[in-house]
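For ligands, and for the atoms within them, numbers begin at 1 and follow the listed sequence.
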Amino acid sequence: MAKKQFKTESKRLLDLMINSIYTHREIFLRELISNASDAIDKRYYAAMQTGNTGINRDEYEIRIEPNEAERTLTVTDNGCGMTSEELESNLGTIAKSGTRAFSEQLENADDINVIGQFGVGFYSAFMVADKVTVYSHKEGEPAAVWESTGEDGYTVSPCDYEPIGTKIVLHLKANGEEANYDEFLQDYRLKSLVKKYSDYIRYPIKMQVGRQEKKEGTEDEYETVYEDQTLNSRVPLWNKNKNEISKDAYNQFYRDTFYDFEEPASVLHIRTEGMLSYTALLYLPKKPPFDFGTKGYKRGLKLYANGVMIMEQCEELLPEYFGFVKGLVDSPDLSLNISREMLQHDRQLSAIANNLKKKIQQELLRMIKDERDAYSEFFRSFGRTLKFGVYDNYGVNADFLKDTLLFHSRSLEKEITLKEYVDAMPEEQKNIYYAAGDSLQHVLKMPQTERVAEKGYDILCLTDDVDEFALRVMREYDGKQFVSVSDPTLDLSSEDEKKAMEEKKTESKELLDKIKTALGDKVLDVRLTDRLKSSVACLTGEDGMSVEMYKVLRQMPNGDTVPMTFHLELNPDHPLFAKLAALDDDKLKEYAELIYAQAMLMAGLPLDDPAAFSEAVCKLM
Ligand code: ADP
Ligand code: MG
């Protein structure tokens, strides 16, 4: 039988496992047991689909068998088993789910300790074994055996393993100075490992345990009697009482099940009974998974019917804007052989989804109130998703999202909620002001913010491309309109000031026309504004749309048809403005070009002709 080589990616992971001097090598058992449990789930599920229930539900089991004489540890399951092709593709290549993500993370992991927190999969067997033999038999297929010493590839050959399922034999490594592998042959050690890592596995994990018993008919002669012991309590974590579950247990379950290195930002354990009975265990992650925001990312919760998983990822349970939530729902009311199509229309399911939505909402609001730092961290990861939620769903049942948003406050120099903004408004302030730019630094220096800030009004600094769109969709908060500092109707002046402005407009009409003629099609219009203070000019889009919004629109499909021409707004109180009136036409044209170029730069836009600009500046100097 020819040896086959592992795929490169798998090889690297394998090397890591083989050479691991890692104290958490004990987790190999958890990995093998969890694979066994998955395999039983698969067999059970397949049997249900075909209506042929195979063996009885209570016959499913996982068995652990230490053999001191042979120095082997065997893990057996009566799950779905694998064909020789499956042995090859599943064990010869790094598996799809957890293990792959782990190996990707390895690139940047500076601490190999993360292994213990991660589903590292089948290869972890090589942390304790120098040879692994896997016998497997899938129903209706010939049995096969896979064997490897890790380093020089693996073999797959036919064999006559009778029972349906898989038997994995670990030939334990020789004891060395740094490690004693005999511990994995000891009953008490194996028992405690199962308790620690696999207690909530639903299928019984059995082991033959010896007990000393008096020999019948004798006074002081003892014999060892062996009997099966079930090592796990089999109660899924979520079915235990909240007060029986430690924070560690919640977190461990999260990391094992959802392959995250980090602890979750928050855990929700929900149990309802009555009209609608279900248990849900939800986690808000701290950091987005590596594929979050890509097409590859699938949202959803695991769905169980009375402890049996019926769907790996039930999308219907979470709205898109809560797509980051991880977790599961277990309900006794769901029928086991419910099909995907039926689920989509299931009233039960949408009622659960609706309840969960409210719970998540409450939790976010609670965090904002009680755990602001944790929420800020969470919001940095998923705030964009919530803001898109506002943009896509406002007015259709997602209005509560407005209170989950955080924006940077210019005056307070920290992130605040809309409610906090409104609560801090001076009495005479009517609107909620915002300014948008591509970075906080840019927004803080925007000329358009000068007058509003001078008035003593706070400004929300928007730096995410979706921000301004979200605010525009909401229109108002608590009866206060959102107003861009670029808005043409920005109303900050007193009656007297307004009158004075009208006069200035009439006076400067000729000058403004001349500047417009000088600049031609580069600008929509040249007009006076009262929103500036120390700057002479700024650019504003149609309808008060900020330049930032134009930039975003340009990025969208067909965005290149969006014209990048703006209103040039001038500050009549700026000393330079007074000078303009005295210039002859040629000079005026030069100055107009310079002012326009400056405004472009301030708005973070590229100049049409940087060389000409630089030349003009030099000439002036
Ligand atoms: P993961 O469990 O994350 O998919 P593993 O490396 O643990 O990755 O396992 C690789 C694959 O091998 C599994 O996805 C599964 O298809 C298969 N496998 C492992 N152990 C068993 C088993 N006991 N019975 C059936 N299939 C198994
Ligand atoms: Mg696995």
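Close N/O approach between Tyr123 and ligand 1 is not found [any backbone or side-chain N/O within under 3.5 Å].
Under the 3.5 Å distance criterion, with hydrogens and angles disregarded, no donor-acceptor pair is assigned to the side chains of Ser124 and Glu31. If you check the side chains of Thr224 and Gln212, you find a donor sitting under 3.5 Å from an acceptor.
Atom numbering of ligand 1 starts at 1 in the shown order; those under 4.0 Å from a heavy atom of Phe122 are 5 (P), 6 (O), 7 (O). In the vicinity of Ala39, heavy-atom distances shorter than 4.0 Å reach the ligand 1 atoms 22 (C), 24 (N), 25 (C). Those atoms of ligand 1 that come under 4.0 Å of a heavy atom in Leu91, given as number and element, are 12 (O).
Screening Phe378, Phe388, Tyr297 against Phe324 for a ring-ring contact (aromatic ring centres under 6.0 Å, His included) leaves a single residue, Phe378.
Using cut-offs of 30° and 60° for the angle between ring planes, the Phe382 and Phe292 rings count as perpendicular. Ring pair Phe122/Trp146 is perpendicular by interplanar angle, where above 60° counts as perpendicular and below 30° as parallel. Note: Tyr123 and Phe6 have perpendicular aromatic rings, judged against thresholds of 30 and 60 degrees for the angle between ring planes. Relative ring orientation between Phe258 and Phe253 is described as perpendicular, the plane-to-plane angle rising above 60° on a 0-90° scale split at 30° and 60°.
Contacts between Asp77 and ligand 1, counted as non-hydrogen atom pairs separated by less than 4.0 Å, involve the side chain only. When non-hydrogen atoms are compared, ligand 1 lies under 4.0 Å from the side chain of Met82 (C-beta onward) but not from its backbone. At a heavy-atom cutoff of 4.0 Å, ligand 1 is contacted by both the backbone and the side chain of Asn90.
Using a 4.0 Å heavy-atom cutoff, Lys42 is listed among the residues neighbouring ligand 1.
Note on Asn35: counted as a metal contact of the Mg ion (ligand 2), an N/O/S atom lying under 2.8 Å.
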